[in-house]
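One structure is given below, encoded as structure tokens.
All figures in this text were calculated on a predicted structure; none of them were measured in a lab.
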Amino acid sequence: MVSFSYFFPLQSSIFSFVNFKKNPFPLPPRLKKSKMATTTTSSSLLALPSFRSNCNQRPSFKVRAQISGDKATSVEPVNGSVSVSNLQNLKGSEVNGKVKFQREAEIELLWDDGYGSKSVKDYFAAAREILKKPDGGPPRWFSPVDCGQPIKDAPTLFFLPGMDGTGMGLVPHQIALGKAFHVWCLHIPVHDRTPFQGLLKIVEDVLRQEHATRPNKPIYLVGDSFGGCMALAVAARNPSLDLVLILVNPATSFERSPLQPLLPILEMVPEELHFTIPYALSFIMGDPIKMASIGIDNQLPAGVKLNKLREKLTNSMLPLLSELGGIIPRETLLWKLKLLRSGAAYTNSRIHAVEAEVLLLVSGKDRMLPSQEESKRLHGLLKNCTVRCFKENGHTLLLEDSLSLLTVIKGTCKYRRSRRYDFASDFLPPSKGELDFALQELLRFLRNAVSSVFLSTMEDGRIVKGLAGVPDEGPVLLVGYHMLMGLELGPMSEAFIKEKNILFRGMAHPILYAETDSTKEFGYMDWIKVFGAYPVTATNLFKLLSSKSHVLLYPGGAREALHNRGEQYKLIWPDQQEFVRMAARFGATIVPFGTVGEDDIAELVLDYNDLMKIPFLSNYITEATRDTKEFKLRDESSGEVANQQLYLPGVLPKIPGRFYYLFGKPIHTKGRPELVKDKEAAKLVYLEAKEEVEKCIAYLLKKREEDPYRSVVDRLSYSLTHLPENDVPSFEP
């Protein structure tokens with residue numbers, strides 16, 4: 001069942017029927033407070049019935065509307081009429097025989113983002129249901145019911161569609177986006193002929209109304225292809241608005257499209273053969289295999305995956321493409337192409353005026369537009385532009401198998417609920433789908449190769465298997481040894497999530513947040529941000545500890561993770577008690593830990609000193625790390641830890657051994673206010689933590705010699721003779 005509703009504002013009451021002649025550009029029902037003060041009690045709402053595949057069923061209304069702030073309005077049919085009632089709670093509890101819904105304060109760890117449950121098949125189903133009804137009138141906004149209710153203080157996201165104009169391009173992403181945003185989509189009816197500047201007026205009206213209602217909130221514009229032109233043009237005409245533009249293969253390069261020589265031919269195609277044009281264009285605009293791959297589990301055997309893909313292609317995907325002719329009739333297609341040309345020209349003439357924050361998503365196999373080439377041009381023109389390239393996708397990126405749009409927004413640090421991004425309050429925890437993707441696509445080999453062993457120390461000093469010795473309640477500050485290239489991070493994060501349902505927030509070098517590459521793919525550096533990494537600053541540490549988080553801190557930093565030959569398991573910590581006084585200020589529990597295993601999987605053969613002796617490599621490292629000089633980290637520090645050159649060391653892989661982790665006895669700072677001001681007392685705690693880390697490392701180096709399954713060969717042999725759910729054993733603590 002496809003279910004959504006249209007909403008229209010009114011002049012003198014909250015909701016009303018709209019006269020198209022008097023109000024040709026209806027807006028979402030977000031009204032200024034001054035208007036709300038004069039509302040009448042006899043409010044009514046014009047809402048189109050939910051479209052259903054079974055037209056014999058009685059139409060029902062499923063409406064979710066936002067009046068202002070966080071007050072929600074529910075509209076339900078009562079005896080054939082529509083009533084409006086304010087609901088304060090929108091969560092799934094039953095009240096007076098009716099299901100009420102409660103807005104969530106925050107998103108929980110491992111929430112269900114729904115990505116993969118909807119695909120291009122649902123897009124066509126939604127478009128088909130729209131076309132079953134008379135699709136007249138001007139362009140208008142709707143909010144998909146799948147989006148549900150967002151979290152508290154969520155910003156608003158407006159979706160501007162591509163050439164199809166249906167507004168259904170977010171179908172695979174609606175559930176996830178609906179958790180983080182108030183989502184509204186623009187629908188441009190098939191027979192609408194509003195010119196480009198008229199469409200801009202529609203978008204501008206709703207943006208200004210949204211800004212007047214919530215002036216301190218950012219407004220998101222997601223523009224797909226032609227919608228990207230609209231988003232840029234609106235931003236250029238409204239530089240004072242706090243806009244975040246998410247542009248997906250924007251059509252600003254339409255004049256350089258490889259389809260330009262074919263466009264005059266389209267006008268000569270007879271009406272009776274028009275159905276072949278959208279069908280042919282579909283293979284140019286998108287990748288049918290990528291579209292059909294959404295929802296297919298990557299962990300399935302190759303043969304099973306291939307069978308599922310073949311079934312989806314032959315039974316649903318390819319037959320659905322023939323329906324494009326109904327979505328875009330001949331006259332509409334010709335009009336949209338002219339609209340696209342004029343829109344691209346208008347936008348390019350004003351692009352220099354864009355002040356908005358921009359996230360540009362481009363496809364590497366876009367056969368309709370030169371999107372990768374255009375990303376380089378836009379990256380140079382726009383003042384605040386971040387680019388992510390998806391090299392295996394076609395033009396219809398949002399409908400193809402790649403990543404959830406919300407994941408990309410989070411991984412590029414573009415999700416914010418105020419004027420500036422806050423790494424503490426604006427962070428959204430990873431979903432179950434994101435965890436599964438990270439474990440299977442990014443960390444599968446490492447997880448299987450090292451088969452990590454976790455130990456922790458209880459309050460009475462006993463060492464036990466697992467993480468029982470790590471406090472569940474924050475604030476907790478984890479401080480420990482940084483293995484070569486930070487290889488210990490992935491398995492450690494997984495263990496905390498699965499065993500304790502805790503996501504620790506790890507501090508990362510600020511260079512990871514620099515955006516200077518116009519061809520950058522969404523990769524590992526973005527994924528660590530999805531899983532809570534944040535730039536190492538005193539302010540961020542203050543905010544996270546004040547929110548009672550579990551925070552991961554490596555005092556040795558990049559210098560320890562990129563150590564020289566012969567320095568494995570050596571703590572390269574600063575002299576200052578950097579973290580003790582901050583922990584004491586919030587009564588945080590300090591948990592020292594040690595990790596070993598880097599020497600069991602790789603041998604460091606070329607360190608920084610070796611690489612700088614090679615002329616062409618030294619020049620490359622100097623150029624690559626040039627941007628790191630702008631980050632002033634530990635200016636007050638001296639010695640080894642202050643020397644934090646970033647480079648990729650030369651290593652030789654070994655037959656994998658095993659990773660071992662030991663979390664030492666917790667050090668409590670609660671009830672010890674003297675640590676905040678007394679530097680000598682803080683230094684003693686600092687030295688205690690450092691000594692505990694060294695003891696943990698020494699313990700693990702000794703005990704791993706007793707592990708009968710330290711080698712991957714022995715672990716593989718064990719796995720072949722035992723059930724999969726049985727963990728490979730290790731030494732007894």
Side-chain angles (χ1 to χ4, degrees), residues 6-11 18 20-35 65-66 68 137-143 155-163 165 167 169-170 181-189 192-248 250-252 336 339-340 342-359 382-384 419:
Y6 293 104
F7 300 118
F8 305 89
L10 79 150
Q11 305 293 328
V18 176
F20 289 141
K21 294 181 180 179
K22 292 182 179 180
N23 185 6
F25 305 121
L27 307 172
R30 224 186 245 295
L31 306 178
K32 298 180 181 179
K33 293 182 180 179
S34 59
K35 289 187 177 182
Q66 178 107 0
S68 70
R140 47 198 178 266
W141 300 93
F142 70 92
S143 181
T156 301
L157 181 148
F158 295 97
F159 175 64
L160 308 179
M163 284 183 59
L170 292 180
F181 298 96
H182 298 279
V183 180
W184 294 91
C185 304
L186 180 63
H187 172 64
I188 304 174
D192 178 76
R193 297 297 181 263
T194 303
F196 186 72
Q197 293 190 52
L199 294 174
L200 298 184
K201 178 67 166 56
I202 295 174
V203 179
E204 287 176 335
D205 284 347
V206 73
L207 295 188
R208 289 167 182 165
Q209 191 172 10
E210 172 70 15
H211 177 70
T213 305
R214 302 198 296 173
N216 296 321
K217 292 289 182 186
I219 303 174
Y220 284 73
L221 281 179
V222 177
D224 183 15
S225 188
F226 170 68
C229 290
M230 285 197 288
L232 282 169
V234 168
R237 290 166 38 140
N238 298 271
S240 62
L241 294 181
D242 183 10
L243 299 177
V244 180
L245 308 185
I246 301 174
L247 311 178
V248 184
T252 48
K336 289 290 179 70
L339 189 65
L340 188 56
S342 64
Y346 182 94
T347 301
N348 284 317
S349 68
R350 290 162 175 78
I351 200 169
H352 61 279
V354 175
E355 300 285 344
E357 185 178 358
V358 178
L359 172 59
L382 299 172
K383 301 177 179 65
N384 185 7
R419 290 190 176 274

Which pair of non-hydrogen atoms, one from [X] and one from [Y], has the smallest distance, and what is that distance?
X      : Y      : answer
Gly228 : Pro250 : CA-CB, 4.2 Å
Pro215 : Ala212 : CD-O, 4.0 Å
Trp141 : Leu160 : CH2-CD2, 3.8 Å
Asp205 : Lys201 : OD2-NZ, 2.8 Å
Leu241 : His211 : CD2-CG, 3.6 Å
Ala353 : Ala236 : CB-O, 3.8 Å

Are any of the side-chain heavy atoms of [X] and [Y] separated by less than 4.5 Å?
X      : Y      : value
Pro161 : Leu186 : yes
Thr156 : Trp184 : yes
Val234 : Leu221 : yes
Leu207 : Val203 : yes
Leu157 : His182 : no
Thr194 : Pro139 : yes
Leu247 : Leu359 : no

With a 3.5 Å distance limit and no angle check, can you tell me whether [X] reaches the backbone of [Y] through a side-chain donor-acceptor pair?
X      : Y      : answer
Lys383 : Glu355 : no
Arg140 : Pro138 : yes
Ser342 : Leu339 : yes
Thr347 : Cys229 : yes
Asn216 : Arg419 : no
Asn348 : Ala344 : yes

Query - Stepwise side-chain contact (heavy atoms from CB on, under 4.5 Å) test for Ile219 and Arg214 - result: CA-CA 10 Å; Ile219 303 174; Arg214 302 198 296 173; over 6 Å; no
**Report entry** Working for side-chain contact (heavy atoms from CB on, under 4.5 Å), residues Leu245 and Glu357
**Finding:** CA-CA 6 Å; Leu245 308 185; Glu357 185 178 358; over 6 Å; no
Query raised in the report: Looking at the rings of Tyr220 and Phe158, which for Trp means the six-membered one, are their centres under 6.0 Å apart?
Result: no
Query raised in the report: Rounded to the nearest 0.5 Å, what separation is found between the CD atom of Glu204 and the CD atom of Gln209?
Result: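 Between Glu204 CD and Gln209 CD, I get 14.0 Å after rounding to 0.5 Å.
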Query raised in the report: Is there a side-chain contact (heavy atoms from CB on, under 4.5 Å) between Phe226 and Phe196 once you walk through the steps?
Result: CA-CA 10 Å; Phe226 170 68; Phe196 186 72; 3.7 Å; yes
Requested in this report: Establish, for the pair Arg350 and Tyr346, whether the NZ or CZ atom is under 6.0 angstrom from the six-membered ring centre and no further than 45 degrees off its axis.
Outcome: yes
